[in-house]
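Following: one structure in structure tokens, then a few remarks.
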Amino acid sequence: MTDRRLWSYREIAAHLQVQPDTVRAYRKHGLLPEPDLVEGGRPYWFADTVRTWAARRLGNRGRRGWWE
């Protein structure tokens, strides 16, 4: 089953347990995947996009379960 809910910076930050400004910095530095949708100039990502990206992050080696 896929999770097609759209997440903003705020939801991604809550998922990663960081501040929204940290997620914005990830995007600014090309560390976040391209948004799945941009509406009204605001980027949104599918929850599955973020979970897949978070699971593959270089800094995530050896850590499992924190993103679920």
Side-chain angles (χ1 to χ4, degrees):
M1 181 158 58
T2 60
D3 190 346
R4 306 290 283 180
R5 289 178 292 163
L6 290 170
W7 284 1
S8 67
Y9 289 122
R10 186 180 315 171
E11 287 83 15
I12 295 170
H15 180 72
L16 298 176
Q17 299 179 348
V18 299
Q19 295 297 313
D21 283 343
T22 301
V23 180
R24 286 183 185 89
Y26 288 165
R27 184 170 183 220
K28 178 181 177 181
H29 295 287
L31 301 175
L32 199 63
E34 288 298 313
D36 293 301
L37 174 73
V38 176
E39 189 171 285
R42 295 180 181 208
Y44 296 93
W45 293 261
F46 291 125
D48 280 345
T49 299
V50 175
R51 286 190 182 106
T52 300
W53 167 78
R56 293 180 180 164
R57 284 177 58 205
L58 185 60
N60 189 36
R61 287 176 280 169
R63 294 176 63 189
R64 294 190 48 84
W66 65 270
W67 59 89
E68 298 179 335

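To the nearest 0.5 angstrom, Thr22 atom OG1 is 11.5 Å from Leu32 atom CG.
Between the Asp3 side chain and the Asp48 main chain, no donor and acceptor come within less than 3.5 Å of each other. Proximity of a side-chain donor or acceptor of Thr2 to a complementary backbone N or O of Arg4 within less than 3.5 Å is not detected. Checking side-chain atoms of Asp36 against main-chain N and O of Phe46 turns up a donor-acceptor pair under 3.5 Å.
When all heavy atoms are compared, the tightest approach of Pro35 to Arg27 is CG-NH2, 3.5 Å. Nearest heavy-atom pair, Val23 versus Ile12, reported as atom, atom and distance to 0.1 Å: CG1-CG2, 3.7 Å.
With a 4.5 Å cut-off on side-chain heavy atoms, Leu16 and Tyr26 count as touching.
Each of Trp7, Trp53, Tyr9 was compared with Trp45 under the ring pair (Phe, Tyr, Trp, His ring centres under 6.0 Å) criterion, and only Tyr9 meets it.
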